[in-house]
Structure formats: structure tokens, C-alpha cells
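Okay, so here's the structure we're looking at.
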Amino acid sequence: MLFEKYANRMMAVCMRYCKNRDDAKDLLQDGFYKVYVNIGKFKGDSRIDTWMTRVFINLALNQQRQGRNKYSHFEFDPALETAVEESQVPEEIAPEKVLAALNQLPEIYKIVLNLYAVEDMSHKEIAKKLGIPIGSSKSRLSRGRVMLNTLLNRK
Amino acid sequence: MDKLQHIDNLLRKASQVPANALVDASDWAGIEKRLKRRKNRIYALWFFLALSVCSTSALFLVNQFNFKTQPTITQQEKNIDASTTTLDLQESNPAKSTETLESNVSFETEGANTLKPATQSNSIEDPKEYHTPDAGTKPPITEDSVFELEQTAAQEVKQIIKATTIYQQSKTPKFVFEDIFGSTPLWVNRQTVLVNSISKHKPSYHNYDKSHWETGISFTPSLSSKISGINKNLSGLINRSYDEYIANSESAGFGNTFGFNAQYHPKGRFFYSSGLFITQRTEEVKYNYTITEGALADNYRITNYFDLDPRAYEYINYQGSNSYHFIEIPLNIGYKQPLSRNFELRTQVGVSYLSLLNSSGKKGNFTTLRLDDLSNLNFNTNHIAANLKSGLYYNRPRLAIGLEPMLGLNLTNLQKKSTSAILDKPYSFGINLTTNFKLFKP
């Protein structure tokens, strides 16, 4: 069964796009509902978990694009806007801490970071997906990195 | 910024399944519930689709034997009027009209300027239906000879009609008739009028030209379900086990609607429908769970869960049908489409006022998970519902019997928003059986 096999993995995806576990669970349920409804559209030209991940990410992005921001309740910290490159954080750091820091980032940076670093998408693909110029994608990525670095250094 | 690329590596590592990303069965329960609801919606959709296909197929078959809709008696009387018929024929085919005048088949009538009203008979067997030719274009002939010619023609027409089906007649090329009669008979152009009036003498019973009332009784066996939503203001009061234990244990149930039906039919195709009904919406519940934890709650949310002592566990095992009875007063507007002499398709859409009479059964509480008796719960009394019906009616001179698939959906919530975190909008779909008596003004 798809849910039993992939639920944890998809939950990890959801948690990267949501601020807290409750929002992630909402996204998980919406995503799996969509997966089951659209399973007929899966043509088998990629791995099922890859396809499912795409479904979940698209769902999260669509919700955000439609202005509902159902899964994100960010309280923007203005100090992050002025963050500068600080000393590097150790290479090894607990994943939970990284996720917690990621969740403090403004949505626009968090999404680009996720798509670029985790989903291995190019700036061109990100720009197309988000409907933004490539330059914006690049600047959001580097700004997001700086902010995340700042946050991780603070901890 | 390249120095910060290690951030990407950290993110990739963090993207592996973290410990707090593990999901449990309750997550699946929520998805299962939504899939179940979708399945129910699809069943309803297929139900209506299948009924529509069956109705359409049946009507198509009926229409094969009644190729064209027959006009009412009054329409026939109007159409059979010689002046109208002659004008139609001459406008559509002046040459044929002249030919007809010159032939002896006697389908010819008076010229447009010297029209004489026809008698009110709608049968060709009545010789008075046909008129003498225009004195200006033909020499005067005696009344007896006209009568003879008319009778001969009528007999020939009748024979042809008996030998062919109406459908075949409509497809028969005009030259075939010209071979037989020496001209194109009127009824090739006005086939519906003449064929119906000559061969059958059967009027339709739709009464589109007369305003009338229809009253009678109506019974609708139906399947009831509900659209459930969450009251955002009180969503914190929903127990984390609610979906798994309660929501997933509630399903559609059988209900019915019974009452007095009244329809007003003004002239034309539109009509208005109302009545007084007792409407039942239901849900089947099958609870089987154990309450192992308590929930501490304030007025807006559950603040804490705590484990119960195993000796205090509550075993809930209840199966039954929850029922809500309403008085319903609908107000619908409808349109009727004739399909044959007796059958017509009536479609109605409108709204209903519903007043909740009583509720019976038991329901799991969304916070405590314990069973509440429905009679002790606060429900909204006044409701509005949307109605949609479309189906087949069989008409007799004084009777109309209808078989209509219907959908009724409450537009207002059953529960009060101030007290319930779960808000349900019940709906039902079924087949409405109606028997109406027609009442005409004397």
C-alpha cells in the first residue's frame, strides 16, 4: 500500500514545506488524497516516489500561489533581512535543527532553497515553476543560504 | 557565496526522514475518510448518469413508435384549418399547389384571398373538412362532385397511411405520392397534422394550451448522506481520534420523503411546484472503539490529553441509524418537454424551506468521543435546501404519473455554529414517485 510504504518519506517532504507538524500533516493528507485520485495519471516513466514527491511539492506551491498559504504561517524576522555571511557552521548538525532553522526562513527563500538543494532543480526550472526571473531565483537562493547560516550559527 | 554551499549539503541530509516525520494510523484515517466521501459522490454521480441513460433510452424507444410529438386537440383544430394549410402549402411550394388545384385529388383549397374558415372537425372522414376550389381558377363544380372526390381521396390517404408507419411516411419522397395521387398531398408537408388527425384521432394529454393545477401525493425513497465540514472557530475541540473512531464510522443511510404535491401549470411549458412534505435525512453509524485517553478542554480547544486508567476505559459499541425529520415546503420552477403523446420530461429546480421536527439516534461526541443522544443536542431548526428533479411523466387526461430522480441538498448546517466543531450539511438522492390529478377550470 502506497501510504504505508511512502508516508514517512512524504511527511519529510511536507515538513520541509510547512512550518510545523500539524500543517505538514494537513499537507500530507491533501497530498495523499491527490495521489490516490490521480494515480491513473502516473505513467510509470519515473519512480513512483519521485512522482509522488512532485505531486506534494506542486500542491504546496499551488496553495502558496493561490494566496491561501494554508501550510505556512511564517512570522518574518526582520533581522534576517540584514543577515550577513557569518562563520560557517559545522558540517555535522542534527537534521531537526536544520529543519527548524529552515522553517524560520521567509517562504520565498525556503522554497528556493528546498527546490535547489534538495530537489536538485536548476535555476531555470525553479524560475519556471515559481513564475519568477532566473535572477530572482539565484538571489533568493544565496540570500536564503546566508539567512540559514545565520540562524544555524545562532543556535 | 560559494562558501555557503555546505548549507545545501546540510539541507540534503535533513531531507532524509527525520524522527518526528513518522506518521501514524490516524493520518491514514483522515485520507481514507476523504476517499470514502469521494467514492460516495462518484456513486451518486453514476446513479444519476445511469438513470439518465435509462430514461433517454426508454424515451428513444418510445419515440420510435411516436415519431413526432402530436399537437393537442386545439392545436390540431387550428392546424387543420384549411386556410392555414393552404397558405403553408402555397408558400412552401407554389408549383405543387397549382398542380394540386388542377388535379382531382381534392387536397386543394381556396385561394388565400378567399379563404373560408374550416369546420372544427379534425377528421378527413368528415367531408366538410375540404373545401371547394377557387372559383377564379377552376370552373365551378357541384357540391356533390366535391363530396365524392373528397371521400375518394380520403380513402386513398387512409389506405396509404395504414400501410406505412408514421416514420416511413415522414421519410417517403414526395414523388412517390405524386405517382399515387398525381400531386403531392398536403399531408406530406403537414404530415403531423394530417397523419395524426386522420389515422389516430388521439389527442396528446400535455395540456400546454390550458392552465391547470395538478395535485396529488408524492413519495421519494432515497439514500441520505452528508457533507461534513469543520467549524474553524471550534476546530481545536476536535479530538485527535475523532476521524478514526467516529467520522469513519458514519455512512449513508436510507430515508424517504412523503407528502402532498401541488403544481400550477400556466399555458406553455413552464410550471411551478410546491407542496408539504415530511422529509427524512439519515445516517448509518457503526461505532466500535475504546476510549483510552481523556481530553482536557476549555471553551475553544483541547488543552491536554491524558491516559486513562485501564479500569476506566470506555468501550463503545453501537450500531444504528440516526434520523432527522423535517417538514419541507419546496418552491420549484419547472420546464416540461413533450416526448410523445403521453410522455413528457419534466425538470424542476428550486429551493425548500425545512423545519426540523425531531432527531433520533446517537452520535459520537467530537471532544469526549462518548455517545450523545441526538434528542439532547442543539440543532438548527430552520433550514434551506436546494432541489433538483428531472424525470419522466406519463400523462392521461386527468392524471399525471411521474418518476423523477431527485437530489436535495441542505444549504444550511444541521448543527449550531456556536456549539459544534463539526458542521454537517445533509443531502439525499433518490427517485420521486408522483401521482397528480389534473384540475381544470370549468
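Each chain gets a letter, A, B and so on, in the order the sequences are listed, and its residues count up from 1.
Around the OH atom of Y305(B), the shell of radius 6.0 Å holds more than 12 heavy atoms that belong to other residues, nucleotides or ligands. Few gaps surround NZ on K36(B); more than 12 heavy atoms of other groups in view lie less than 6.0 Å from it. Heavy atoms of other residues, nucleotides or ligands lying less than 6.0 angstrom from CZ of F42(A) number more than 12.
Separating the CZ atom in R16(A) from the CG atom in L11(B) is a distance of 8.5 Å, to the nearest 0.5 Å. Put simply, OH on Y36(A) and NZ on K39(B) are 13.0 Å apart, with the number rounded to the nearest 0.5 Å. In this structure, the separation between CD on Q29(A) and NZ on K33(B) is 9.5 Å, given to the nearest 0.5 Å.
Contact check for D120(A) versus R12(B): side-chain heavy atoms found under the 4.5 Å cut-off. V146(A) has its side chain out of reach of I7(B): every pair of non-hydrogen atoms, C-beta onward, lies at least 4.5 Å apart.
Using a 4.5 Å cut-off between heavy atoms, Y33(A) touches chain B through backbone and side chain atoms alike.
Taking E119(A), K25(A), E4(A) one by one and counting their heavy-atom pairs under 4.5 Å with chain B, the maximum is reached by K25(A). When each of V98(A), L141(A), V13(A) is checked for heavy-atom pairs under 4.5 Å with chain B, V98(A) comes out on top.
Heavy-atom minimum distance, R145(A) versus D8(B): NH2-OD2, 2.7 Å.
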Trace of the side chain to side chain contact (heavy atoms under 4.5 Å, CB included) decision for L10(B) with L152(A): CA-CA 11 Å; L10(B) 283 175; L152(A) 290 171; 3.9 Å; yes
Pair Y6(A)-W28(B), ring-ring contact (aromatic ring centres under 6.0 Å, His included): steps then yes or no: CA-CA 12 Å; Y6(A) 297 109; W28(B) 168 244; over 10 Å; no
